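In what follows, chains carry the letters A, B, and so on, assigned in the order in which the sequence lines appear, proteins first and then strands, with residues in each chain numbered from 1. Basis for what follows: all heavy atoms, side chains included, without hydrogens, waters or symmetry-related copies. Values in this document were obtained by computation on a predicted structure and should not be read as measured data.
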2 protein chains.
Amino acid sequence: MPTISDVARAAGVSMSTVSYVLSGRRPISAETSARVRAAIAELGYHPHAGARALASSRTSVLALVVPLRADVNVPVIMQFVTAVVTAARRYHHDVLLLTKDEGTAGLERVAGATMVDALIVMDVEGDDVRIPALGRLKQPSVLIGLPDDPAGIACVDLDFAATARECLTHLAGHGHRRVALVGPSPSVYERGTTYAQRFLDGFTDASAELGLETVAHSCEPGADGVRDCLAWIDSEQPGTTALLVHNEDALVPLLDELRARGRSVPGDLSIVAVCPRDVATSLPVKLTSADIPAHDVGTLAVETAMALLEGRKAPGTRLLPPTIIERDSCGPLS
Amino acid sequence: MPTISDVARAAGVSMSTVSYVLSGRRPISAETSARVRAAIAELGYHPHAGARALASSRTSVLALVVPLRADVNVPVIMQFVTAVVTAARRYHHDVLLLTKDEGTAGLERVAGATMVDALIVMDVEGDDVRIPALGRLKQPSVLIGLPDDPAGIACVDLDFAATARECLTHLAGHGHRRVALVGPSPSVYERGTTYAQRFLDGFTDASAELGLETVAHSCEPGADGVRDCLAWIDSEQPGTTALLVHNEDALVPLLDELRARGRSVPGDLSIVAVCPRDVATSLPVKLTSADIPAHDVGTLAVETAMALLEGRKAPGTRLLPPTIIERDSCGPLS
DNA sequence: TTGAAAGCGTTACCAC
DNA sequence: GTGGTAACGCTTTCAA
């Protein structure tokens, strides 16, 4: 493997000149630059990442911590991951993948060893034990999610409360007065990832503001969970004309069950789902949905990390506004 | 951040002693070792990864290249990823995540910069352009998949040909004589990831050996794709009594469609699926399945990479034997 | 069983 | 616009 000094010799310049050609941190004459670049190409030179990290104390690597739990929607996680990797590459960074089950130790390990410039942490809980640990690191971090006390922390997420409000407003605009929320599985609420609660809060508030009659219920996984949830809604609030579904995994069994019961969508029942675009459009009924902008959130997390690194920005919360996409599952009250 | 020399001073020993305590590469008296460890804990010392990589030319990082395409089953990919990350940690390695769309350049970048010790590459195609590039790297690599010419390359995968054979044998054992293969989407065959073809070859061979009547057809995504595929099978081979489904995404719409047609499983039609355990068990009918051992394959890929790094092993192909798990979708011929 | 010191390949400061 | 060179923090050989 050629080193920077090989390149310098081949180009007839000093090591520092080669370094500056590469970093652009000082002006180099066009001619010299060309000669250096030619030598680099000729020798197939790649700067040694470790040496560079040692000398510059920057690694060009971002840590990304992903959850592995069963009650997360795996394709959505993967959308975040690909968005983060893709965005990181635009900033000439790579991504080191950590799993949440390493906990605080994992963060301290990669940060302590100076393996990364910044950390992006997914699946943040309300009172996440990792948050104090992140505060002690010398690297900045960005949370995807919103803890109970986000003061002084960089957070990025969808505005779930506003999303719930928008969905209800949409349904009310179609004349619906009795709406039920089909929520995530109980384990999601219990675990303390706050998005479920924030959505529920927005739902409750907007329901009062709009003068709607509403109920909300969590929904266990699988066809049985859906049936139980529907039964609960039927008994608790008969005459419900619209469902707001905040549970990707419930959608397929839900549509199945409704079809089995002979209830048409949106004829007999309107549905608004909270889910990524591709799942909304891949179901038998194209669902009117509030988008989960995994790609945007992941990209924004990377941009925030970069801004933090460059001191362009102070930590703070950024919640993305909701987007309702009208499709075929939400009709006027019949 | 404390350095090794801070630790050395605190413990009253030399830098090299600290280094050897950490690496275990030479005997250290229990007493000295204890003093050093105490100092390390006290100071919160972490070796600097870049400095270590520079001095030792080892990074303790593995590159993992994942596909981002639409026609892959995302949860399966994620199973590979988590298996690789988890196994890598057991060997004190971290994982740098690359996407396949960076192509050859991505491999050359991280290898050239000495960011990783070895590379694990998923979604290998028959005539993958990345293979010659991998051969030029100074780091070893492990393919998950099997290219057309695997000579001299470390490859790990499920033995898809044997899997097809086992499935047919299983069905034949239940008395089925007319079987249809519901294959992956045509794009999978076209792209050249070889597992689809290997499965099909095994299917064809075993069909002849067992004296079965069989047909095979690819299956486009979605409910329409499934209907088309079933229609094709019905017209091409009437009297088919069993389906071998090598397409995770087709399973839900397939079971839907059969139910809609009033055909019971396994009463009217037996099914063997090729899919991960969790999808086989999460459907309305618990499917008899040939397992996709993503966890095992990912783990084995890491172990192979480690063996290669330590010179414990020469490159070569390792195909995991199939496992058929009997559940409720495969009955005797009625 | 331990220490000293020569690298490892960059970056970035100080000169010119 | 360019060159020289001291760090950066560790591993590992050579010596004792």
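- A distance-only check finds a donor-acceptor pair linking the side chain of B:Ser23 to the backbone of B:Ser19 [under 3.5 Å].
- Side-chain nitrogen and oxygen atoms of B:Arg52 include none within less than 4.0 Å of the OP1 or OP2 phosphate oxygen of C:dG9.
- In this structure, B:Ile4 places its CD1 atom 13 Å from C1' of C:dG3, rounding to the nearest Å.
- For A:Asp157 (side chain) and A:Leu319 (main-chain N/O), no donor-acceptor pair under 3.5 Å exists by modelled atom type.
- Residue contacts shown for B:Ser19 include a base, since a base heavy atom lies under 4.0 Å away.
- Toward the 5′ end of DNA chain C lies the nearest nucleotide of B:Thr17, the other residue of the pair B:Thr17 and B:Leu54 mapping further downstream.
- Counting distance only, with no hydrogens placed and no angle test, the side-chain atoms of A:Tyr20 and the base atoms of C:dC13 include a donor-acceptor pair under 3.5 Å.
- Checking B:Thr86 against B:Arg90 by side-chain atom types alone, no donor-acceptor pair falls below 3.5 Å.
- In this structure, B:Arg25 reaches the D:dT12 phosphate: one of its side-chain N or O atoms is under 4.0 Å from OP1 or OP2.
- Under the 4.0 Å criterion applied to side-chain N and carboxylate O atoms, B:Arg318 and B:Glu303 are not assigned as salt-bridge partners.
- To the nearest angstrom, P of D:dT12 lies 12 Å from CG of B:Leu22.
- Of the possible donor and acceptor atoms, one in the side chain of A:Thr194 sits under 3.5 Å from a partner among the backbone N and O of A:Leu146.
- Summarising the geometry, the separation between CE on B:Met15 and P on D:dT12 is reported as 13 Å, rounded to the nearest angstrom.
- For the pair B:Arg26 and C:dG3, the criterion of a side-chain N or O lying under 4.0 Å from OP1 or OP2 is not met.
- If you check residues 44-51 of chain A against DNA chain D, you find no residue with a heavy atom closer than 4.0 Å.
- A distance-only check finds no donor-acceptor pair linking the side chain of A:Asp94 to the backbone of A:Val61 [under 3.5 Å].
- Within the structure, every side-chain polar atom (N or O) of B:Ser16 is placed at least 4.0 Å from both OP1 and OP2 of D:dT12.
- Of the listed nucleotides (C:dT2, C:dA12, D:dG9), C:dT2 has the atom at the smallest distance from the side chain of B:Thr32.
- For D:dT2, one of the phosphate oxygens OP1 or OP2 lies less than 4.0 angstrom from a side-chain nitrogen or oxygen of A:Ser29.
- A:Ser14 has a side-chain polar atom (N or O) that falls below the 4.0 Å cut-off from OP1 or OP2 of D:dG3.
- For the pair A:Ser56 (side chain) and A:Arg58 (backbone), a donor-acceptor distance under 3.5 Å is present.
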